[in-house]
A.B. asks: 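Sending over a structure as structure tokens; questions will come in a sec.
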2 protein chains.
Amino acid sequence: MMPFRLSTRGHYAVLVMYELAKAGGSYSSLQDISAYWSLSQGYLEQIVRPLREAGLVEGKRGFGGGYTLAKDASEITVGEIVRTVEGPVVPVQCVADDLHPERCPDDCRAKAVWQKVGQAIDHVLDSITLADLIREDFPSTPTSKGDRSRD
Amino acid sequence: MMPFRLSTRGHYAVLVMYELAKAGGSYSSLQDISAYWSLSQGYLEQIVRPLREAGLVEGKRGFGGGYTLAKDASEITVGEIVRTVEGPVVPVQCVADDLHPERCPDDCRAKAVWQKVGQAIDHVLDSITLADLIREDFPSTPTSKGDRSRD
DNA sequence: GATAATCCTATTATAATAATAGGATTAGTG
DNA sequence: CACTAATCCTATTATTATAATAGGATTATC
């Protein structure tokens with residue numbers, strides 16, 4: 001039930017990055033963020049780890065430490081965040097690897113549907129930056145980079 | 001791993017409907033379809049049931065029976081099929097019911113992202129009919145100028 | 001009456017998700 | 001220099017959804 005669902009990993013990752021973007025240059029601890037959103041701190045730690053390894057956030061240990069964005073909020077898209085913690089957007093497995101190597105390519109045109117869906121999802125995710133998210137008027141008046149010709 | 005995935009229910013449902021569309025007005029048995037795609041017949045039966053209850057296919061029992069489309073292939077979209085067997089496209093739960101009733105609405109603009117993604121998915125799925133899928137030249141030559149929003 | 005199909009309900013195996021647990025390391029503060 | 005607050009790291013477990021299996025009842029054709 002409920003197709004094309006995003007797991008909590010991607011969901012929470014965007015939430016954390018959104019909070020870091022709001023905090024500007026200062027460091028925010030996962031303890032604060034997890035308490036605010038009533039989430040498990042340990043779970044958030046697991047989720048933030050790949051974001052750090054991908055160079056999207058910087059961690060600072062010890063008292064007064066926490067996380068902060070490693071790049072400007074306008075240079076981090078929601079798509080980067082989601083794909084970093086969840087992997088590529090591939091709605092149906094057969095698009096990546098061929099489940100039925102003989103028949104699939106010639107026979108099954110449905111494959112093109114799933115490819116289109118994946119591209120549409122990526123397009124939306126890549127068109128929204130963290131800077132967009134923290135804009136007062138989002139989503140009513142999008143501005144900066146990204147293609148929003150079809151909004 | 002792999003966000004926005006479609007489960008096999010939706011995948012197989014489209015596959016079956018695609019086969020029925022190719023068969024035209026005649027009846028195709030799930031035994032044939034499941035054998036051809038190397039899938040479990042019992043599992044397909046479970047998947048086809050809601051399609052029948054929704055009036056998308058008609059079943060005929062007994063020798064020579066099987067399933068056939070209940071409407072013209074041009075009047076059945078991939079979106080209808082997927083939503084019938086999987087439910088509505090809601091990438092993140094908080095969009096439907098409010099996980100954090102107090103904070104979410106005011107505070108979390110990420111919500112708008114998930115709504116946009118859901119709409120983009122629906123748009124693609126609703127723009128493709130079974131008649132499109134069985135066209136010789138799909139998807140190379142869409143009938144009307146790239147964007148096929150219907151109705 | 002044999003057979004081929006849908007139709008129906010319940011149960012189970014598998015895998016992915018979502019966490020929990022427990023600790024090691026690092027850096028400021030009194 | 002201890003104390004504390006934070007990241008950092010690895011492993012295990014609970015929960016859930018998915019994917020299927022099993023077994024039968026019904027209906028239509030030959």
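Protein chains get the first letters and strands the later ones, always in sequence-line order, with residue 1 at the start of each.
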A.B. asks: Tell me whether the OP1 or OP2 atom of C:dC8 has a side-chain N or O from B:Arg52 closer than 4.0 Å.
C.D. replies: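 Yes, such a contact exists.
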
A.B. asks: If the threshold is 4.0 Å, N to carboxylate O, is there a salt bridge linking A:Glu86 and B:Arg5?
C.D. replies: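 Answer for the salt bridge query: no.
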
A.B. asks: Whole angstroms only, please: what is the CZ-P distance between A:Arg49 and D:dA11?
C.D. replies: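 So the two atoms are 10 Å apart, to the nearest Å.
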
A.B. asks: B:His11 NE2 to D:dA20 P: how many Å, rounded?
C.D. replies: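 Whole-Å distance recorded here is 11 Å.
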
A.B. asks: Send over the distance from A:Asp32 CG to D:dA6 P, rounded to a whole Å.
C.D. replies: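 About 6 Å, once rounded to whole Å.
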
A.B. asks: Taking the nucleotide of DNA chain C with the closest heavy atom to each, which residue, A:Arg5 or A:Lys60, is nearer the 5' end?
C.D. replies: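 Taking each residue's closest nucleotide, the earlier one in sequence belongs to A:Arg5.
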
A.B. asks: So, does A:Ser7 get its side chain near the phosphate of C:dA18, meaning an N or O under 4.0 Å from OP1 or OP2?
C.D. replies: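 Yes, because at least one side-chain N or O of A:Ser7 sits under 4.0 Å from OP1 or OP2 of C:dA18.
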
A.B. asks: Please give, in whole Å, the distance from D:dT15 P to A:Arg9 CZ?
C.D. replies: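 From A:Arg9 CZ to D:dT15 P: 20 Å.
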
A.B. asks: Whether A:Tyr12 contacts C:dA19 is assessed here as follows: a side-chain N or O lying under 4.0 Å from the phosphate OP1 or OP2. Is that the case?
C.D. replies: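 Answer is yes, contact under 4.0 Å.
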
A.B. asks: Between P on D:dA17 and CD on B:Gln93, what's the gap in Å once rounded to a whole number?
C.D. replies: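 Going from B:Gln93 (CD) to D:dA17 (P), I get 10 Å.
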
A.B. asks: For D:dC8 and A:Tyr67 - does any side-chain N or O of the residue sit under 4.0 Å from the phosphate oxygens OP1/OP2?
C.D. replies: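 It does, given that an N or O in the side chain of A:Tyr67 lies less than 4.0 Å from OP1 or OP2 of D:dC8.
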
A.B. asks: Would you mind telling me which of B:Trp37, B:Tyr36, B:Tyr67 makes a side chain to side chain donor-acceptor pair (under 3.5 Å) with B:Glu19?
C.D. replies: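 With B:Glu19 as partner, B:Trp37, B:Tyr36, B:Tyr67 yield a single side chain to side chain donor-acceptor pair (under 3.5 Å), made by B:Trp37.
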
A.B. asks: Rounded to the Å, how far apart are B:Gln31 CD and C:dA5 P?
C.D. replies: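 Rounded to whole Å, this separation is 5 Å.
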
A.B. asks: Under 4.0 Å: is that the gap between some side-chain N or O of A:Ser40 and OP1 or OP2 of C:dT20?
C.D. replies: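 Looking at the OP1 and OP2 atoms of C:dT20, one of them is under 4.0 Å from a side-chain N or O of A:Ser40.
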
A.B. asks: Take atom CD of A:Glu53 and atom P of D:dT7, then tell me their distance rounded to the nearest Å.
C.D. replies: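 The answer, rounded to whole Å, is 15 Å.
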
A.B. asks: Nearest nucleotide by nearest heavy atom, which residue falls closer to the 5' end of DNA chain D, A:Phe63 or A:Val48?
C.D. replies: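 Taking each residue's closest nucleotide, the earlier one in sequence belongs to A:Phe63.
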
A.B. asks: In whole angstrom, give the distance that lies between atom CD of B:Glu86 and atom P of D:dA17.
C.D. replies: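 Nearest whole value for this atom pair: 13 Å.
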
A.B. asks: Going by an N to O cut-off under 4.0 Å, is there a salt bridge joining B:Asp122 and B:Arg83?
C.D. replies: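 A salt bridge is present here (some side-chain N lies under 4.0 Å from a carboxylate O).
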
A.B. asks: Checking B:Tyr43 against B:Ser34: is there a side-chain donor and acceptor pair closer than 3.5 Å?
C.D. replies: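 No, no side-chain donor-acceptor contact under 3.5 Å.
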
A.B. asks: Can you say whether the rings of B:Phe4 and B:Trp114 are parallel (under 30°), tilted (30 to 60°) or perpendicular (over 60°)?
C.D. replies: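 B:Phe4 vs B:Trp114 ring planes: tilted.
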
A.B. asks: B:Gln41 side chain: which of C:dG28, D:dT29, C:dT6 is closest?
C.D. replies: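 Looking only at heavy atoms from C-beta outward on B:Gln41, the closest nucleotide is C:dT6.
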
A.B. asks: With nearest nucleotide decided by heavy atoms, which residue, A:Gly66 or B:Tyr43, maps closer to the 5′ end of DNA chain D?
C.D. replies: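 It is A:Gly66 whose nearest nucleotide is closer to the 5' end.
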
A.B. asks: Is A:Thr8 near enough to C:dA18 that one of its side-chain N or O atoms lies under 4.0 angstrom from OP1 or OP2?
C.D. replies: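 A:Thr8 to C:dA18 OP1/OP2: side-chain N or O found under 4.0 Å.
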
